[in-house]
Amino acid sequence: MFNKKKLLQNIIEHYYEQVQQMESNNEIDNKQATKIQSYYRMYVLHKSYKKNQNATITIQKYCRAYLARQLVKQKLSESRNRRNIIYLFHQAQTIQRYFRGYIYRKYVHDFYLRKKQLELMNIKNQNFLQELRSKAEQEKEEEKIRHEQAAKQEFMKLAINLHHLTSTKSQPGIYKPPFAKENPKAFDIEVETQLKIAFQTNVQWKTQKRSGSAQRAVTSQGFRIRPQSQKLK
């Protein structure tokens, strides 16, 4: 009986001690509980914030993509409209050009009259060109004749003093070799004949009676030639 009372008393004392200890630790427990609650609430709020942030980013992404597509469509539409305007402007200019040409040809300038004038002008140009060509050919021919005459005069001047190269009765000249198939020519005439013509046309013959039967002819240049009995052919 004594033991039971003592045990009961001990239990009650232990209980009060525990209650007293619990009351003394109540402030610490409250702090710990508050900290746990704060961490849990922070976790819940952070999770909700992250979820909202991801949702916001996704919404922004789709919105920006939509706006970008709309902007691209607008740019393409503007570019297409600009090309269409340029094309239509060019077509309008072409139509205007043809229409103005038609009006000018029909009411301002007579096409057939202009064509006839051009044909007449072409004929005049052809005639003028023909005259120019004929005149140029004539001048060329005259120049050729002048050069030929100058060459002939130069040849005759040189041939005056070359009479000693012509042939005689006993000796053929260097321009008339006996075995040649064709004699050399100058201006389509044999050189031998040219020398004789030059000598005969440029030398004045004077007959003088001298002692004996020899008669000599003196040229205007003052040189002497063979007697008349040995006169050139």
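Given the structure is predicted, the values throughout are model-derived calculations rather than measurements. The analysis underlying the following values was restricted to heavy atoms, covering all of them including side chains, and did not include hydrogens, waters or symmetry mates.
- Considering CD1 of Ile95 and CZ of Arg100, their distance stands at 12.0 Å, rounded to 0.5 Å.
- The side chain to side chain contact (heavy atoms under 4.5 Å, CB included) with Leu76 is formed by just one residue from the set Lys73, Glu78, Arg80; it is Arg80.
- Remark: side-chain polar atoms of Ser38 are paired, donor with acceptor, to backbone N or O of Lys35 under 3.5 angstrom.
- In this structure, Gln37 CD and Gln32 CD are separated by 12.0 Å, a value rounded to the nearest 0.5 Å.
- At a threshold of 4.5 Å between non-hydrogen side-chain atoms, the residues Leu45 and Met42 do not count as touching.
- Once rounded to the nearest 0.5 Å, the distance linking CZ of Arg64 with CD1 of Ile57 reads 9.0 Å.
- Between atom CD of residue Gln138 and atom CD1 of residue Ile145 there is a gap of 9.5 Å, rounded to the nearest 0.5 Å.
- A distance-only check finds a donor-acceptor pair linking the side chain of Thr34 to the backbone of Asn30 [under 3.5 Å].
- For Tyr102, the side-chain hydrogen bond (donor to acceptor under 3.5 Å, both in side chains) criterion is met by Lys106, not counting sequence neighbours.
- Distance CD/Gln126 to CD/Gln130: 8.5 Å, rounded to 0.5 Å.
- Note that CZ of Phe128 is 11.5 Å distant from CZ of Arg133, once rounded to the nearest 0.5 Å.
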Start with the C-alpha distance between Lys140 and Glu143, add both sets of side-chain angles, then the distance that settles salt bridge (charged side-chain N to carboxylate O under 4.0 Å, His left out), and finish with yes or no. CA-CA 5 Å; Lys140 187 177 179 181; Glu143 187 68 19; over 6 Å; no
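- Panel note: side chain Ser48, backbone Val44; no donor-acceptor pair is recorded below 3.5 Å.
- Taking a cutoff of 4.0 Å between a charged side-chain nitrogen and a carboxylate oxygen, Glu141 and Lys144 do not qualify as a salt bridge.
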Would you check, one step at a time, whether the test side chain to side chain contact (heavy atoms under 4.5 Å, CB included) holds for Arg69 with Tyr66? CA-CA 5 Å; Arg69 283 193 296 271; Tyr66 172 77; 4.0 Å; yes
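- Asn122 places no side-chain N or O within donor-acceptor distance of the main-chain N or O of Leu118, the cut-off being under 3.5 Å.
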